Number of protein chains: 2
Amino acid sequence: MNVEKRGCLSTPVKHSLVLDGEKGELVKACGRVGKRNGVSATKTVEALRSHSEAERRRRERINAHLESLRGLVPNNEKMDKATLLAEVVSQIKQLRETASQASEGLHIPMDTDEVKVGRVENHSGDGSFLLMASLCCEHWPDLLSDVRQVMKSLPVQVVKSEVSTLGSRVKIAFLITSVEGDDGVVGLVRAALSDIVEKFSALAESAEQLFIPRKRQRVSCIDSSSNLFE
Amino acid sequence: MNVEKRGCLSTPVKHSLVLDGEKGELVKACGRVGKRNGVSATKTVEALRSHSEAERRRRERINAHLESLRGLVPNNEKMDKATLLAEVVSQIKQLRETASQASEGLHIPMDTDEVKVGRVENHSGDGSFLLMASLCCEHWPDLLSDVRQVMKSLPVQVVKSEVSTLGSRVKIAFLITSVEGDDGVVGLVRAALSDIVEKFSALAESAEQLFIPRKRQRVSCIDSSSNLFE
DNA sequence: ACTGACACGTGACGC
DNA sequence: TGCGTCACGTGTCAG
């Protein structure tokens, strides 16, 4: 067995004192007591009693949370403690997946940087092409200005834009048209947007590395960090 | 104690046999063995050993799920088993809330000005109140700056903000928290946001009245007018 | 009879 | 030191 072993298993048997019954009573002193059964015995049994009570409190706390978890999974009752936990972990994973899926269409920023550019179906066959572009990254003070400037420099026209924040993350989505129908413009937009998110990555790497070891907050979904309107 | 009690607590002490050591060895027979220590003893110790091994397997299963849960909460390591479970239940509740929230509010700007402020259910009972606020109005150049400034002056903290545009209309939605639980802050936020939309109405009334009779575009959902990044 | 699941008390370890 | 947390073995009940 390669796992670390703690607890009483690796030690020689003791079981000197046994506490039992509704009230703490010393029942057995099977091993060598060694010394007299005077005041030290009562002290020992009292310590033992408080110990077991503390342990019972801990168990009650854990089981209370476990029961409150039972109320959150679909098949709440009559479930193994282990399978309940398994159900909980799958529930969390599924919730995260659906949350991120909902954010696909709803533009909720995730915790990973990304740039996506794709062509939408031609909306009216008038030679112009419709593109859907989005970038997701950390927010920094001049992000919107930079984005504005970059988009102005591209041979596209922004039809609709939507910026949403979640904590310190920000996602900006565009609906843009381009008269140049080839795929070159797709790569162009993607490169420009990638430049922006990489610009921040490089900018952050220099300062972040000291006092923010690896915060990487997972999707805890509502947090109180900075946002666009700070 | 009114809870059902199971296990060895309510029974007189037994501890007839004790299994210990790396391999199962019978160490002590403290109580009355009663019968001979013949084949029945070896059978008993074998049963005891398989029992403890099964229990260890069960523990390992539970702890494995617990560890995989640790990987899903934000502060994964060095956390109490109980507080870990508490964190998990709050995580699930928050994920459900945000999931339901994401599905309901599409945040598409309408063509009528409006300000909505409402209280969301307490998200974790930690005294802070969660508010949902949104305003919808025409877009003008300094709208975002004004909103930013107003929100900064309020005794609230913006947790999430989302701005979407449709044509020349813009809708800005906030998820904000406030430590002051009374309804005063609701009115405060509503008044501040109403100030903003009225500010534009007054500003527009002076100039608009001549050359923009009644544009009133309906919800044609994707159009190519001005946007936030123009 | 046997297995799995639970609660309990207890030793070890950390602060 | 004492208090809290953990893993362990064990008694006990249900299927």
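Chain A is the first sequence line, chain B the second, and so forth, proteins listed ahead of strands; every chain is numbered from 1. Computed from a prediction, not measured in an experiment: that's the story for all the values here.
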Discussion item. Tell me the interatomic distance from A:Glu53, atom CD, to C:dT10, atom C1', rounded to whole angstroms.
Written reply: 14 Å
Practice prompt. Look at the side chain of B:Glu55 against the base of C:dC6 and say whether a donor-acceptor pair falls under 3.5 Å; ignore hydrogens and angles.
Written response: yes
Discussion item. Checking contacts here: which listed nucleotide (C:dC6, C:dA7, D:dT5) is nearest the side-chain heavy atoms of A:Asn63?
Written reply: C:dA7
Worksheet entry | Among D:dT10, D:dC6, C:dA5, the one nearest A:His51 by side-chain distance | D:dC6
Practice prompt. Grab the CZ-P distance between A:Arg57 and C:dA7 for me, whole Å please.
Written response: 17 Å
Practice prompt. Measure from the side chain of A:Arg70, starting at C-beta and using heavy atoms only, and say which of D:dT10, D:dC6, C:dC6 lies closest.
Written response: C:dC6
Discussion item. Output the rounded distance in Å from CG (B:Leu66) to P (D:dT5).
Written reply: 14 Å
Fill in: B:Lys81 side-chain N/O to D:dA7 phosphate OP1/OP2 under 4.0 Å
yes
Worksheet item: Rounded to the Å, how far apart are B:Glu60 CD and D:dC6 P?
Response: 17 Å
Discussion item. Need one value for B:Arg61: base, sugar-phosphate or nothing, where a base atom within 4.0 Å counts as base even if backbone is also close, heavy atoms only.
Written reply: sugar-phosphate
Item to complete: Please tell me which of B:Arg59 and B:Asp80 maps to the more 5' nucleotide of DNA chain D, matching each residue to the nucleotide holding its nearest heavy atom.
Response: B:Asp80
Worksheet item: In whole angstroms, how far is the P atom of C:dC6 from the NZ atom of A:Lys78?
Response: 11 Å
Worksheet item: Does a side-chain N or O from A:Arg56 land closer than 4.0 Å to OP1 or OP2 of C:dA7, or not?
Response: no
